[in-house]
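The first residue of the sequence shown is numbered 1, and numbering continues consecutively from there.
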Amino acid sequence: MLLAAGQLLACGSKNNPEGQTVTLSVTPASLIFEAEDAASKMVTVTSSASWTAETRESWLHLSSASGSGNGSFSVKADALAGSPREAVITVKAGDKEASVSVKQGASGLVPVPASFDGTKRSNTAYQLLIYSFADSDGDGWGDIKGITQHLDYLDELGVTALWLSPLHPSDSYHGYDVTDYFGVNPKLGTEDDFKELLEKAHAKGIEIYLDYVLNHSGKGHAWFKEAIADASSPYRDYYFFSANPSADYKNFPMLKGTSYNAGEWKQVTSGSPKITISATTEAVTNGTASWNLWTWQDGGEGKVVKFVDKGDGTYYLVMNISGKWGVLVRKYDNWNAGSKFGAKSGGTITEGQPMELVGDGGDMWFTGNGGRYKIELTDVSTETLFYMGCFSDWMPDLNYGDVSAARDNACFKDMAASADKWIRMGVDGLRLDAVKHICGGIGSFNHASDRALLAQWYEHCNATYKEAGHAGNIFMVAEEWDSHDIEKTYYQSLTSCFEFDYGYKLRDVLNSGNASGFVSAVSGFVSDHTAQRPDAITSFFLSNHDQNRFASEIGRNVAREKQAAAILLSGPGKPFIYQGEELGYWGAKNSGDEYVRTPIKWTKTGAVASGALSGKVDNDMLTADISVEAQKGRDDSVLNVYKTWSRLRNTYPALAEGTMSAAPVSGTSIAAWYMSLPGAKSLLVIHNVASSTKGVTVTDSMSSPVAVLGGASVSGTTLTLGPNSSVVFEL
């Protein structure tokens with residue numbers, strides 16, 4: 001709430017680093033200018049330290065940006081071309097902060113929305129990165145308990161569902177190389193932590209969606225490790241293995257209709273040699289065989305030692321070993337050849353006792369007493385294979401066999417069983433990763449096969465969902481990162497896909513100030529999806545964890561950021577808000593994906609969950625001003641715009657569930673539409689995406705405004721909208 005003019009805004013005090021008490025107050029706490037007010041207005045600062053003053057609005061001018069102790073500065077506003085506008089002046093001294101609200105233009109629309117009845121109906125989801133959302137235990141990693149502790153924040157944001165980044169065990173920070181689909185990554189918490197989250201989220205009317213990776217597992221998955229170690233293992237069929245992939249590619253039923261790409265096939269050496277280390281008095285060797293030993297002193301540097309080929313299928317070397325040494329065996333010098341051998345899960349080598357090795361096994365350790373030791377390799381029969389890993393050598397692609405009968409495939413059954421566990425536990429939906437790559441690779445696709453497989457996946461999961469006692473259908477949304485014309489065909493198999501073209505279209509609209517074609521494009525997305533299946537749910541979003549932040553794509557323009565929220569939340573479909581968008585986060589991928597996966601800054605001075613990101617965060621962005629604590633206290637913050645328009649969507653059924661149709665309000669910078677739902681009051685939504693004030697003729701009644709962003713005023717049938725301003729009328 002804005003403070004009355006003349007009221008004193010005072011900050012509490014705290015000892016500064018020098019042991020001094022810093023005090024700060026400003027008066028008045030608010031300024032009001034007429035539309036063409038030539039007079040300057042004064043702000044008085046009372047402080048015990050040096051201070052700075054700033055505003056983010058170019059139409060507002062301060063005579064001074066800094067001072068020391070008690071002082072003052074004048075404020076002047078540019079002439080207003082019609083509609084009201086607001087700004088905030090922020091004054092800082094040490095770690096203290098005070099603000100002055102500024103309004104210009106005495107007249108304007110005052111929104112009077114209906115009272116929220118407490119039923120959340122917005123159908124809005126929040127994309128949340130577990131590892132960087134909130135840290136509950138101070139180890140630097142976001143975790144499941146951190147989400148539970150901040151459910152009130154998410155509830156206040158008005159969301160009805162959370163899409164969680166992968167929670168399964170993984171060898172990476174982001175979790176997309178799953179090593180156990182049935183487990184919870186211990187860095188993120190426990191299964192009991194997740195059950196608690198489910199219970200408490202459901203109590204607030206918030207559903208939980210899991211991110212599920214069907215295209216590939218992690219290289220560290222037990223299935224893949226066993227498949228490498230044993231040619232007779234049934235898990236060989238869970239992946240694509242071949243000694244000659246260019247010739248064999250066409251023989252894999254799941255890959256038919258796509259083309260071979262050598263870059264997607266990674267080399268690996270499989271087998272189960274044995275290593276034995278025993279004390280000896282033999283001379284130290286200097287072998288030349290292709291087999292070699294990689295050793296490193298505990299906490300020190302490593303070295304490579306060549307084995308001697310005995311000519312009978314065994315190899316040996318002799319070396320001095322003092323203290324604890326790490327040990328790995330490789331068939332070739334080149335690590336990239338996939339020739340690493342280690343223990344099945346790491347471990348200690350016992351002197352004189354053979355240890356079986358597996359391809360890509362874990363580190364082994366041996367402690368010597370300073371004497372000479374003989375290291376022998378036996379059973380070294382191995383085979384060199386290639387496996388398909390279209391994204392990376394640490395993400396081997398999963399093989400579901402003949403997609404027309406995928407439900408009978410062993411890999412499919414195991415994956416489905418893992419999903420069954422989470423659905424029966426209470427999970428409400430799944431987000432499916434990289435679906436267009438499942439039956440192909442990076443550059444060659446078979447969309448028909450993808451759809452056939454996904455239809456069986458959806459049917460299985462939906463049956464489990466219903467068996468768990470749910471009356472409706474499970475929500476399942478796919479990442480089909482493609483053009484709309486291809487993406488829409490996946491609705492033949494699934495109820496929802498992310499509409500990437502929406503974000504691109506809205507970005508261009510806001511950057512150009514030209515909204516021509518936006519309404520028809522958005523309504524066309526929805527109608528194209530429902531043409532594929534009547535129960536289609538179009539999932540709209542601005543940006544996600546794999547893209548540059550939307551704020552960066554629109555020039556870090558705060559007015560556009562706010563309007564993007566208003567447009568997303570006042571249109572059709574199912575909106576998704578990406579973690580940090582509600583705070584105005586920006587970021588680009590050019591220095592690494594981590595910079596678009598930024599932790600939430602909860603307090604002005606507290607730490608953020610940056611441990612998973614190896615410190616790759618933009619600290620120039622994560623200032624006190626952008627924190628949740630600071631933005632909660634500012635009516636004009638990006639956060640409060642999201643809250644306001646989300647509450648509006650939760651209040652009006654026509655916004656949450658209605659159909660969009662174009663409204664007869666003309667102007668190239670104007671996007672105007674109706675949201676209608678049988679049995680509910682219809683709404684007229686109008687957005688001016690230009691950076692200048694626009695006047696438009698409206699034939700509908702404008703007597704009941706329920707939301708205003710920016711500035712708007714009405715005179716007869718003329719609606720005047722300020723730059724990047726929006727209004728919603730109840731009809």
Side-chain angles (χ1 to χ4, degrees), residues 168-181 183 185 213 215-243 245 262-277 289-296 302 304-305 307 315 325-349 354-366 375 377-399 411 414:
H168 307 300
S170 165
D171 290 327
S172 68
Y173 80 89
H174 52 67
Y176 284 96
D177 54 331
V178 177
T179 57
D180 179 8
Y181 287 92
N185 189 334
V213 188
N215 179 71
H216 54 267
S217 77
K219 192 175 182 180
H221 199 294
W223 298 344
F224 189 71
K225 287 185 174 182
E226 185 172 324
I228 294 173
D230 184 358
S232 64
S233 168
Y235 295 117
R236 274 283 170 104
D237 293 332
Y238 282 40
Y239 301 92
F240 302 97
F241 283 105
S242 171
E264 296 174 354
W265 289 82
K266 320 301 180 184
Q267 187 172 323
V268 65
T269 303
S270 65
S272 302
K274 292 183 178 65
I275 187 170
T276 307
I277 302 182
S290 61
W291 286 93
N292 56 78
L293 187 75
W294 171 258
T295 65
W296 63 96
V304 175
V305 183
F307 282 94
Y315 298 78
W325 283 78
V327 177
L328 284 171
V329 175
R330 14 187 246 198
K331 186 175 181 180
Y332 309 109
D333 290 340
N334 184 6
W335 284 111
N336 295 329
S339 64
K340 179 183 107 174
F341 287 88
K344 284 187 176 179
S345 57
T348 301
I349 302 174
M355 175 179 277
E356 185 177 281
L357 309 182
V358 295
D360 204 36
D363 294 347
M364 304 174 292
W365 297 92
F366 179 78
I375 303 174
L377 278 183
T378 56
D379 298 337
V380 295
S381 176
T382 61
E383 60 177 333
T384 299
L385 292 171
F386 294 85
Y387 64 91
M388 187 174 180
C390 72
F391 284 112
S392 166
D393 63 337
W394 44 279
M395 292 179 172
D397 283 43
L398 291 167
N399 180 8
C411 181
D414 270 346

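When every heavy atom of Ile228 is checked against every heavy atom of Arg236, the shortest pair comes out as O-NH2, 3.7 Å. Between Lys344 and Glu356, the shortest heavy-atom distance links the atoms CE-OE2, 3.7 Å. Residues His221 and Val178 share a closest heavy-atom pair of CD2-O, 3.6 Å. Contact record, Pro245 with Ser242: N-OG, 3.1 Å, taken as the closest heavy-atom pair.
Between the side chain of Tyr239 and the backbone N or O of Gly389 there is no donor-acceptor pair closer than 3.5 Å. In terms of modelled atom types and a separation under 3.5 Å, the side chain of Tyr387 and the main chain of Asp393 share a donor-acceptor contact. Under a 3.5 Å cut-off, the side chain of Asp397 and the backbone N or O of Phe240 do not form any donor-acceptor pair. Within the 3.5 Å criterion, the main-chain N or O of Ser290 finds a donor-acceptor partner in the side chain of Asn292. Remark: side-chain polar atoms of Ser272 are paired, donor with acceptor, to backbone N or O of Ala229 under 3.5 angstrom. Remark: the backbone N or O of Leu398 is not paired with any side-chain donor or acceptor of His216 at under 3.5 angstrom. Between the Thr179 side chain and the Pro169 main chain, a donor and an acceptor come within less than 3.5 Å of each other.
Neither side chain, Asn185 nor Ser170, offers a donor N or O lying under 3.5 Å from an acceptor on the other.
Two residues are said to be in side-chain contact when any heavy atoms from C-beta on lie closer than 4.5 Å; Thr295 and Phe366 fail this criterion. At least one side-chain heavy atom of Thr382 sits under 4.5 Å from a side-chain heavy atom of Trp291. Inter-residue side-chain proximity for Phe341 and Ile275 is flagged as unmet; no heavy-atom pair is nearer than 4.5 Å. Asp237 has its side chain out of reach of Asn399: every pair of non-hydrogen atoms, C-beta onward, lies at least 4.5 Å apart. Residues Tyr238 and Pro396 form no side-chain contact, since every pair of their non-hydrogen atoms from C-beta on lies 4.5 Å or further apart. Met355 places none of its side-chain heavy atoms less than 4.5 Å from the side chain of Val327. Side-chain contact check for Lys340 versus Leu328: some heavy-atom pair is nearer than 4.5 Å. Contact of the His168 side chain with the Val213 side chain is not registered, since no non-hydrogen atoms from C-beta on lie closer than 4.5 Å.
Rounded to the nearest 0.5 Å, atoms CZ (Arg330) and OG1 (Thr269) are 12.0 Å apart. Between the CZ atom in Phe241 and the OG atom in Ser233 there is a gap of 9.0 Å [rounded to 0.5 Å]. Expressed to the nearest 0.5 Å, how far CH2 of Trp223 lies from CG of Asp180 amounts to 8.5 Å. Distance check, rounded to the nearest 0.5 Å: CG of Asp360 to CZ of Phe224 gives 7.0 Å. One finds the SG atom of Cys390 at 8.5 Å from the NZ atom of Lys266 (value rounded to the nearest 0.5 Å). The structure places CH2 of Trp394 at 5.0 Å from OG of Ser172, a figure rounded to the nearest 0.5 Å.
Taking the centre of each ring, Trp365 and Trp296 come in below the 6.0 Å mark. For Phe391 and Tyr176, the ring centers sit 6.0 Å or farther from each other.
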Self-check item: Derivation of the side chain to side chain contact (heavy atoms under 4.5 Å, CB included) call for Tyr332 and Thr384
Solution: CA-CA 11 Å; Tyr332 309 109; Thr384 299; 3.3 Å; yes

